[in-house]
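Here is how names work: the chains are called A, B, and so on, in the same order as the sequence lines, proteins then strands, and each is numbered from 1.
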Number of protein chains: 2
Amino acid sequence: MSTRISLLQSAEQAVRQRGYHGFSYADLAREIGIRKASIHHHFPTKADLGIALIERYNAAFFDQLKNIKDAEGTAADQLRAYLRLYRDALDNGEQVCLCVSLSAGRDHLSNEILDHLDQFHRDSLHWLEQLFERAKADGSMSLHAAPEAEASAALALVEGAQLLARASRDVTQFDQSTRALHARLSPNKPH
Amino acid sequence: MSTRISLLQSAEQAVRQRGYHGFSYADLAREIGIRKASIHHHFPTKADLGIALIERYNAAFFDQLKNIKDAEGTAADQLRAYLRLYRDALDNGEQVCLCVSLSAGRDHLSNEILDHLDQFHRDSLHWLEQLFERAKADGSMSLHAAPEAEASAALALVEGAQLLARASRDVTQFDQSTRALHARLSPNKPH
DNA sequence: GTCTATAATGGGATAGAC
DNA sequence: GTCTATCCCATTATAGAC
């Protein structure tokens, strides 16, 4: 595998486990087995690396959301898939979504990274809003508020649930936090 | 005001705005107008300062929760007060709850701080669980799941809603995220 | 593309005078 | 309790050989 990809993978895991300050070029160098000066050949500055990181992450993430939307199923099915995506990302409570980690400490982030972060939230809210519009139409779940509000609540819930799960290093904390939302979905794929 | 209190106030604001790495002794020194070496007289290490910070914060926070519980009103009223507490803490989307900020980057935190953080979550969940037990009894809101699950969902929601609000520097994002939960509460204090 | 060597900065922390 | 002066270390980044 290319050094560049190895660096991105290693850095992504580090940020999701320990935050943007949670890794250094020295750490990366040790992990993939080169000297830290060599990293600057691939990413001149840490900010460059950060931008490449979030661009790669967002592309992969919304690719998965597209797959969910393209699949057959009710809005409830798709919301279940969305929740599973966030749950699986936890990796036993060791790490959270890249954008949850970056949102947490917005300091020391370049404007370009902040823009990508905003984009992630906007796109997520848009995707969820469409989902809740469909839910309203197909009746696969009960709504308490307008689709925009339900979308915002769902995003806040999964992000908060990831924080709690990592805080306790216990993925079942995520399940506990999302149980009430699951209960509102018409049963198609019980587990 | 004593130097010690000034330091704690200044540090708390910094952590809640920018995270645990978001301030240095040099920053604090500049802000309150002493030299950074003098800070070590009050807090020998940054870890010591962190512990004092979270102890002070937790005490004040649960004091407020106690006031809410002691006040008259239904479970729905108390949940509304709880939500308002988190909303007001946002300060126009500039900062989040201290423990949300610390949860975000669990790295570089001493074990003693992590213990206080766990305590915060446990106590919060316990307080909310009792609240939802009361809600079940007084019928002031509709439950979708057992009180433990509702408590966990509520905590995840407010923490996530704070993250989203700060990410967009817009406190109305918090309102949007909590609208659906508000809609489940029997109307006593509409706004 | 990777290396060695070397800035240059900023962080937390200590000693000792006042 | 606050100061000056200093230390030690980690981190990002650069220059130039291979």
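Aromatic ring pairs are classed by plane angle as parallel below 30°, tilted from 30° to 60° and perpendicular above 60°; the pair F61(B) and Y82(B) is perpendicular.
Although no hydrogens or angles enter the test, the distance criterion places a donor-acceptor pair under 3.5 Å between the side chain of E150(A) and the main chain of A145(A). Within the 3.5 Å criterion, the main-chain N or O of P147(A) finds no donor-acceptor partner in the side chain of E133(A).
To the nearest 0.5 angstrom, R80(B) atom CZ is 7.5 Å from H182(B) atom NE2. Annotation: the span from L7(B) atom CG to S38(B) atom OG amounts to 9.5 Å, rounded to 0.5 Å. The CG atom of L53(A) sits 11.0 Å away from atom CD of Q9(A), with the distance rounded to the nearest 0.5 Å.
Against DNA chain C, the stretch residues 4-12 of chain B makes no heavy-atom approach under 4.0 Å. For the contact set between residues 23-34 of chain B and DNA chain C, defined by any heavy atom under 4.0 Å, the members are F23(B), S24(B), Y25(B). Contacts between residues 37-55 of chain A and DNA chain C, defined by a heavy-atom separation under 4.0 Å, are made by A37(A), S38(A), H41(A), H42(A).
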* Asked: Should D175(A) and T172(A) be marked as a side-chain hydrogen bond (donor to acceptor under 3.5 Å, both in side chains) after you check the CA-CA gap, both sets of side-chain angles, and the distance that decides it?
  -> CA-CA 5 Å; D175(A) 299 329; T172(A) 67; 5.7 Å; no

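Sorted by first and then second residue, the side chain to side chain donor-acceptor pair (under 3.5 Å) pairs involving residues 42-62 of chain B (not counting sequence neighbours) are E12(B)-R56(B), T45(B)-D48(B), E55(B)-H116(B).
Regarding H108(B), its NE2 atom lies at a distance of 15 Å from the P atom of dG11(C), rounded to whole Å.
Salt bridge annotation for K66(B)-D70(B): present, with a cationic side-chain nitrogen under 4.0 angstrom from a carboxylate oxygen.
Residues passing the side-chain contact (heavy atoms from CB on, under 4.5 Å) test with A146(B) are E148(B), sequence neighbours excluded.
Residues H40(A) and Y25(A) place their aromatic rings such that the two centres sit under 6.0 Å apart. Ring centers of H108(B) and H21(A): at least 6.0 Å apart, outside the cut-off.
With a heavy-atom cut-off of 4.0 Å to chain B, the contacted part of DNA chain D has its first and last nucleotide at dG1(D) to dA5(D).
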